[in-house]
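The block underneath contains the structure these notes are about, expressed in structure tokens.
Along the sequence shown, the residues carry numbers beginning at 1. Each ligand, and each atom within it, is numbered from 1 in the order the structure gives.
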Amino acid sequence: MRAVDLIEKKRDGGKLAAGEIDFLVQGYVKGEIPDYQMAALLMAIVWRGMDPKETAALTSSMVASGERLDLSRFGRVVDKHSTGGVGDKTTLVVAPLVASCGLPVAKMSGRGLGFSGGTLDKLESIAGYRVDLSTQEFLAQLERVGIVITGQTKDLAPADGLLYALRDATGTVPSIPLIASSIMSKKIAAGARAVVLDVKVGSGAFMKDRRMATALARAMVAIGTAHGLDVTCELTDMDQPLGRAVGNALEVAEAIATLSGDGPEDLTDLALFAASEMLVLGRKAREVKAARRQAEAALKSGAGLRKFRELVAAQGGDVRLVDDPKRLPKAPTVETLRAPRTTYVAAIDAETVGVATVHLGAGRAKKGDPIDHRTGVVLHCKVGDRVERGQPIADIHVAGRPDDATAVAEVRGAFRFSPRRVPRRRLFIGRIAGRARSSK
Ligand code: URA
């Protein structure tokens with residue numbers, strides 16, 4: 001087999017067999033296939049696509065490039081994954097809620113890139129919180145505390161790490177089969193029996209429109225079920241930021257408020273929904289209504305918040321910041337934007353707010369950039385709200401960077417107003433689910 005023949009086959013619209021895909025992936029991981037050939041193949045895939053069989057084979061090959069955790073001794077471990085967006089701190093609420101209901105949660109999360117935030121960056125706002133647990137520490141904590149949120153170990157799906165870095169540098173990220181196999185290979189390797197997926201749709205998401213989001217959701221559900229996982233996938237709105245806070249420490253504070261029963265409606269609703277789906281897939285409840293009651297009870301009783309505190313303590317974080325979120329890192333200055341007139345909020349463009357937070361230092365333009373956990377934006381209104389002239393519409397937490405003024409102008413520009421009443425945005429857009437087809 002020669003890599004060049006397979007690149008040409010894909011370039012000309014042919015289908016690659018499982019063995020051919022495995023030859024390419026394992027050859028690349030071993031360094032036998034150079035970057036330039038893999039980059040050419042990836043570009044051919046971007047243009048020509050892959051059918052479900054090829055996508056499943058690519059995923060299997062990426063899983064097989066590293067270790068696959070066996071979590072069966074913990075029962076049915078259920079994972080969750082969001083394709084990411086602006087203000088999406090759902091994991092920080094859902095994971096402890098679900099764990100407090102007795103379902104183990106073993107979560108490997110990522111960092112933010114561009115306008116989209118990352119769970120690890122948010123958790124690192126809590127002094128001391130470790131995101132680099134070894135596999136042994138990961139398993140021991142899951143046994144002891146029933147919840148782990150850490151970074152992905154290097155041994156899981158290493159092919160994805162290499163391919164993602166190459167895609168990032170060669171303009172080959174936006175491809176449904178490449179994104180779906182990248183996400184699902186990590187979920188499968190991390191040992192879950194079921195996954196609850198949330199594909200974000202809108203300006204502040206990877207998938208800007210519903211058609212693309214549905215295609216990605218279908219591809220991920222098909223990969224999961226072909227690998228023996230039960231999968232549900234919700235499509236949710238990301239045209240305006242989720243919740244009110246965007247920026248790391250600000251989002252942790254909002255997650256703690258939500259776990260205290262005092263969170264924004266959309267975040268609370270999404271967290272309870274995802275928690276219910278996880279409890280059903282984890283067989284802790286027979287159906288969604290009963291699961292929702294369990295999740296609501298965990299929120300109301302404070303059990304979810306106590307579990308979050310246990311998580312932070314187990315991973316070396318300073319729990320005083322959980323007990324008193326005012327102690328989280330704070331930006332020195334807050335600039336308040338006010339409504340220019342009495343009006344309705346027609347849009348708060350999520351991508352623009354996300355880009356502004358990168359300019360404030362809360363996100364990174366490229367991998368490895370340092371971030372400032374203190375900065376970000378807190379919205380005081382959502383689409384559909386009526387605001388009075390002069391009423392605060394957003395607080396911008398700035399730390400004296402050269403781009404602060406740009407960021408403030410961007411947040412201002414993210415708002416659109418209408419003299420007429422505007423309907424609230426619907427959070428839940430669609431749902432796709434699949435049952436395991438085999439148990440590989
Ligand atoms: N997230 C991933 O893990 N992989 C992609 O390809 C895109 C988003």
| task | Check ligand 1 against Ser182 and write out every atom of the ligand that is under 4.0 Å from a heavy-atom position of the residue. | result | 2 (C), 3 (O), 4 (N), 5 (C), 6 (O)
Say whether [X] and [Y], considering side chains only, have a donor N or O and an acceptor N or O under 3.5 Å apart.
X	Y	answer
Asp349	Ser203	yes
Thr153	Asp155	no
Asp35	Tyr28	yes

| request: Would you check if the side chain of Gln315 reaches a backbone N or O of Val131 as a donor-acceptor pair within less than 3.5 Å? | output: no
Among all the protein's non-hydrogen atoms, which is closest to [atom], and how far away is it?
atom	result
atom 8 (C) of ligand 1	Phe206 CE1, 3.3 Å
atom 1 (N) of ligand 1	Ile183 CG1, 3.8 Å
atom 3 (O) of ligand 1	Lys186 NZ, 2.5 Å

| Val173 near ligand 1, heavy-atom distance under 4.0 Å? | no
| message | Using a 3.5 Å cut-off on N or O atoms only, is Tyr164 in polar contact with ligand 1? | response | no
| request: Write down the atom of Arg76, the atom of Leu281, and the distance for their closest heavy-atom approach. | output: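 Taking Arg76 first and Leu281 second, the nearest heavy atoms are NE-O, 2.8 Å.
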